Participant: 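My questions will all concern the structure given below.
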Amino acid sequence: MPELPEMETYRRLLSSRIIDRPLTDVEVGREKSINVPVPVFRETLIGNSITGIERRAKHLLFYLSSGEKLLLHLMLGGWMFYGRPEDKPDRTVQVEVSFGDERLYFIGLRLGYLHLHKEAEVESLLGKLGPEPLSPDFTAERLTGLLSGKRGILKTTLVDQSFLSGIGNCYSDEICFEAGLLPSRTLPTLTGPETRRLSISMQAVLKEAVAYGGYMEDPLYKGDRLTGGYNERCRVYDRKGEPCLRCGRPVIQVELASRKCFYCENCQH
DNA sequence: AGGGCAACCCGGACGC
DNA sequence: TGCGTCCGGGTTGCCC
C-alpha cells in the first residue's frame, strides 16, 4: 500500500515529467474522488500548470500556477500511471489529467481522493501530522523525546500519523524486524538502546525503500524500472510462512490492533 | 490517553 | 462467459 517510500517515488518520478507543462484536459470518472463540482474542477485545472510537487506523509501536494493546490491521498490500493492512452493499464480510472499527448491516470481511488484546495486550506488539513521520519532534523534524540512518557503498542504508534507521518502497515513491520523488536512491544518497556535501534532502523528501512522505488505492483510509466523495486526486498511483510532472511524460521502472521502483522519470533524480542 | 470498532468505498479476485 | 460474493485497509469518529 502506498506509504512514505511509494509516495516519495511517485513525487520524484512525476516531478521530472509533468512540472511546468500545461494541463490540456481533465476527465473525472468518479465524482466522489474530488471535492468540487466536476465543471469547477475542470475549469480550474485546464490551462493551469503544476509548478512543483511536494510530499507530506502519504499525501502528494501538486502546486498549481494559479495558486490552488491538489491534495492527493491514495489510501488503500490507489496508484498512478503516466503515459499515452494506448499504454494505459486496463483498469478503471477515477481521474485523468492530460498534458498534451500524455496523461496522468489516477487508479484505484476508492477511499482515496484528489482534492482541490485554495492556498491556505491545505495547511490546516495537514496540520495534525507528526514529524517526517526522514527529515534531517529527525534524530534518535527526537524520537526518544516523542516516546518518553507515552504508552501504547509499538506498531500502533508507528502507524499513528499524528505521532510520525508516512509509516503504514508494511513499513511498521519492516522497521520492527530491522530493529529486532516485536511489534506488540509496549512503549514503556523499550530501553534506551532499543529506542536508538528503532530510530536507526526506521531511517535505514525507509531510505532503502525510497532508493529502491517502494513496494508497488504496477509501474508508473512504460519502461519504469524503479517503482516497485522494494517488492522483493521486504523482509517480513506478506511473507507468512516463508523463511526469515536472518534465521530461516518461518515468518509469523498475527492480527494486531485489527491489522495484519508479520514478524520473526526468533529474531524479534 | 489509548484501545476497540464501525463506517467509509468499490474494483477486482475468486468461486461456481 | 457471467454472475454473485467478499476482501482489502488508511482514516475518521465515537465510545469505553
Side-chain angles (χ1 to χ4, degrees), chain A residues 1-11 27-35 55-61 71-81 88-96 105-115 117 121-133 145-176 182-190 206 209 214-218 228 230-231 234 236-240 253-263:
Chain A
M1 297 306 110
E3 304 175 30
L4 184 157
E6 291 72 35
M7 300 313 284
E8 186 60 27
T9 301
Y10 277 147
R11 187 196 64 76
E27 297 263 348
V28 178
R30 177 176 175 271
E31 292 190 36
K32 282 185 179 178
S33 298
I34 63 175
N35 61 333
R55 181 189 60 75
R56 301 271 192 96
K58 305 175 189 173
H59 306 260
L60 283 191
L61 260 179
L71 181 64
L72 170 71
H73 197 311
L74 294 174
M75 292 282 212
L76 63 142
W79 53 289
M80 291 181 273
F81 183 82
K88 181 186 87 65
D90 184 21
R91 287 287 188 272
T92 309
V93 171
Q94 284 74 48
V95 182
E96 64 181 84
Y105 298 94
F106 295 87
I107 302 165
L109 299 184
R110 292 176 209 172
L111 299 182
Y113 51 83
L114 183 65
H115 284 179
H117 290 291
E121 289 172 354
V122 168
E123 296 310 321
S124 62
L125 286 170
L126 300 180
K128 284 183 224 155
L129 290 171
E132 289 279 345
L146 285 174
L147 288 171
S148 77
K150 196 169 159 59
R151 292 179 296 155
I153 295 162
L154 177 56
K155 180 181 173 75
T156 311
T157 306
L158 289 176
V159 300
D160 178 353
Q161 298 302 293
S162 65
F163 179 76
L164 280 176
S165 58
I167 297 171
N169 208 32
C170 169
Y171 292 103
S172 58
D173 284 355
E174 293 298 312
I175 290 165
C176 288
L182 286 170
S184 56
R185 282 286 292 276
T186 53
L187 302 183
T189 68
L190 293 179
L206 294 174
Y215 182 87
M216 289 294 289
E217 273 189 36
D218 301 272
Y230 196 74
N231 295 3
C234 283
V236 285
Y237 188 73
D238 245 350
R239 293 192 67 243
K240 180 188 182 182
Q253 176 181 355
V254 296
E255 188 174 292
L256 183 60
S258 51
R259 292 164 175 274
K260 279 196 294 183
C261 174
F262 301 87
Y263 64 95

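Everything numeric in this text was worked out from a predicted model, so none of it was measured. Lettering of chains follows the sequences in order, A, B, ..., and the numbering in each one begins at 1.
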Participant: Check whether any side-chain heavy atom of A:Ser165 lies under 4.5 Å from a side-chain heavy atom of A:Leu126, and answer yes or no.
Facilitator: no
Participant: Check nucleotides 14-16 of chain C for protein N or O atoms closer than 3.5 Å to its own N or O atoms and list the pairs.
Facilitator:
none

Participant: Hey, what are the protein-to-nucleotides 7-9 of chain C N/O distances that come in under 3.5 Å?
Facilitator:
unit_1	atom_1	unit_2	atom_2	d
C:dG8	N2	A:Arg110	NH1	2.1
C:dG9	OP2	A:Lys260	NZ	3.4

Participant: Could you tell me whether the phosphate oxygens of C:dG10, OP1 or OP2, come under 4.0 Å of any side-chain nitrogen or oxygen in A:His73?
Facilitator: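 Checking C:dG10 against A:His73, no side-chain N or O comes under 4.0 Å of OP1 or OP2.
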Participant: Under the rule for side chain to side chain contact (heavy atoms under 4.5 Å, CB included), what residues qualify as partners of A:Asn35, not counting sequence neighbours?
Facilitator: A:His115, A:Leu116, A:His117
Participant: Does A:Arg55 use its side chain to pair, donor to acceptor, with the backbone of A:Pro5 at less than 3.5 Å?
Facilitator: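 No.
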Participant: Under the side-chain contact (heavy atoms from CB on, under 4.5 Å) criterion, do A:Val93 and A:Phe81 qualify, and how do the steps go?
Facilitator: CA-CA 10 Å; A:Val93 171; A:Phe81 183 82; over 6 Å; no
Participant: Check A:Gly78 against A:Met216 and note the closest heavy-atom contact, atom names and distance.
Facilitator: O-CE, 4.4 Å
Participant: Can you tell me if A:Lys128 touches the phosphate of C:dT11, counting only side-chain N or O atoms and a distance under 4.0 Å to OP1 or OP2?
Facilitator: no
Participant: If you assign each of A:Thr157 and A:Ile107 to its closest nucleotide in DNA chain B, which residue comes earlier from the 5' end?
Facilitator: A:Thr157
Participant: Considering only distance and modelled atom types, tabulate donor-acceptor pairs under 3.5 Å from the side chains of residues 167-175 of chain A, sequence neighbours left out.
Facilitator:
unit_1	atom_1	unit_2	atom_2	d
A:Asn169	OD1	A:Lys155	NZ	2.8
A:Asn169	ND2	A:Lys260	O	3.1
A:Tyr171	OH	A:Glu6	OE2	2.6
A:Ser172	OG	A:Lys155	NZ	3.0
A:Ser172	OG	A:Gly168	O	3.0
A:Ser172	OG	A:Asn169	O	3.0
A:Asp173	OD1	A:Lys155	NZ	2.6
A:Asp173	OD2	A:Phe262	N	2.8
A:Glu174	OE1	A:Arg235	N	2.7
A:Glu174	OE2	A:Arg235	N	3.2
A:Glu174	OE2	A:Val236	N	3.0
A:Glu174	OE2	A:Tyr237	N	2.8

Participant: Within this structure, what is the CH2-to-P distance between A:Trp79 and C:dG10, rounded to whole angstrom?
Facilitator: 19 Å
Participant: Touch check for A:Glu3, heavy atoms < 4.0 angstrom, all strands: base, sugar-phosphate only, or nothing?
Facilitator: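 It contacts nothing in the nucleic acid.
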Participant: Rounded to whole angstrom units, what separation is found between the CG atom of A:Leu71 and the P atom of C:dT11?
Facilitator: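 About 12 Å, once rounded to whole Å.
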Participant: Figure out the CD/P separation between A:Gln94 and B:dC8, and round it to whole Å.
Facilitator: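 Atom CD in A:Gln94 sits about 19 Å away from atom P in B:dC8.
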Participant: On the nucleotide B:dG12, are OP1 or OP2 found under 4.0 Å from the side-chain N or O atoms that A:Thr92 carries?
Facilitator: yes
Participant: Could you tell me the separation between the CD1 atom of A:Ile107 and the CG atom of A:Asp90, rounded to the nearest 0.5 Å?
Facilitator: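 Atom-to-atom, A:Ile107:CD1 and A:Asp90:CG are 10.0 Å apart.
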Participant: List in numerical order all residues of residues 27-35 of chain A for which some heavy atom is under 4.0 Å away from an atom belonging to DNA chain C.
Facilitator: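 Here the set is empty: none.
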Participant: Looking at A:Gln161 and A:Gly166, would you say the former's side chain and the latter's main chain have a donor-acceptor pair under 3.5 Å?
Facilitator: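 Between the backbone of A:Gly166 and the side chain of A:Gln161 there is a qualifying donor-acceptor contact (under 3.5 Å).
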Participant: Report yes if at least one side-chain N or O of A:Gln161 is closer than 4.0 Å to OP1 or OP2 of C:dT11; otherwise report no.
Facilitator: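 Affirmative; the distance criterion is met.
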Participant: B:dC9 P sits how many Å from A:Leu109 CG, rounded?
Facilitator: 14 Å
Participant: Out of C:dG10, B:dG12, B:dG3, which has the shortest distance to the side chain of A:Thr156?
Facilitator: B:dG3
Participant: Under the 3.5 angstrom rule, does the side chain of A:Tyr10 hit a backbone N or O of A:Met80 as a donor-acceptor pair?
Facilitator: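 Pair found, side chain donor or acceptor close to backbone of A:Met80.
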Participant: Could you tell me how far apart A:Leu158 (CG) and C:dG10 (P) are, to the nearest whole angstrom?
Facilitator: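 From A:Leu158 CG to C:dG10 P: 13 Å.
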Participant: Nearest 0.5 angstrom please: A:Arg30 CZ to A:Arg110 CZ, how far?
Facilitator: 9.5 Å
Participant: Rounded to the nearest Å, what distance is computed from the CD atom of residue A:Glu255 to the C1' atom of nucleotide B:dG3?
Facilitator: 14 Å
Participant: Are the side chain of A:Gln94 and the backbone N or O of A:Val28 linked by a donor-acceptor pair below 3.5 Å?
Facilitator: no
Participant: So A:Tyr113 and A:His59, would you call those rings parallel, tilted or perpendicular, with 30° and 60° as cut-offs?
Facilitator: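 The arrangement is tilted - the two ring planes meet at 30° to 60°.
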Participant: Provide, to the nearest angstrom, the distance between the CZ atom belonging to A:Arg151 and the C1' atom belonging to B:dG4.
Facilitator: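 To the nearest whole Å, that distance equals 15 Å.
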Participant: Please indicate whether A:Glu31 has more than 12 foreign heavy atoms, meaning atoms of other residues, nucleotides or ligands, lying under 6.0 Å from its CD.
Facilitator: no
Participant: Taking CZ from A:Arg91 and C1' from B:dG11, how many angstroms apart are they, rounded to a whole number?
Facilitator: 9 Å
Participant: Under the 3.5 angstrom rule, does the side chain of A:Arg185 hit a backbone N or O of A:Leu187 as a donor-acceptor pair?
Facilitator: no
Participant: Taking five pairs at each end of the helix from B:dG2-C:dC16 to B:dC16-C:dG2, what angle separates the two helix axes (nearest 10°)?
Facilitator: 40°
Participant: Evaluate side-chain contact (heavy atoms from CB on, under 4.5 Å) for A:Leu72 paired with A:Phe106, printing each intermediate quantity in order.
Facilitator: CA-CA 10 Å; A:Leu72 170 71; A:Phe106 295 87; 3.8 Å; yes
Participant: Under 4.0 Å, counting only non-hydrogen atoms across every strand here, what does A:Gly152 touch: a base, just sugar-phosphate, or nothing?
Facilitator: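 The residue A:Gly152 makes sugar-phosphate contact but no base contact.
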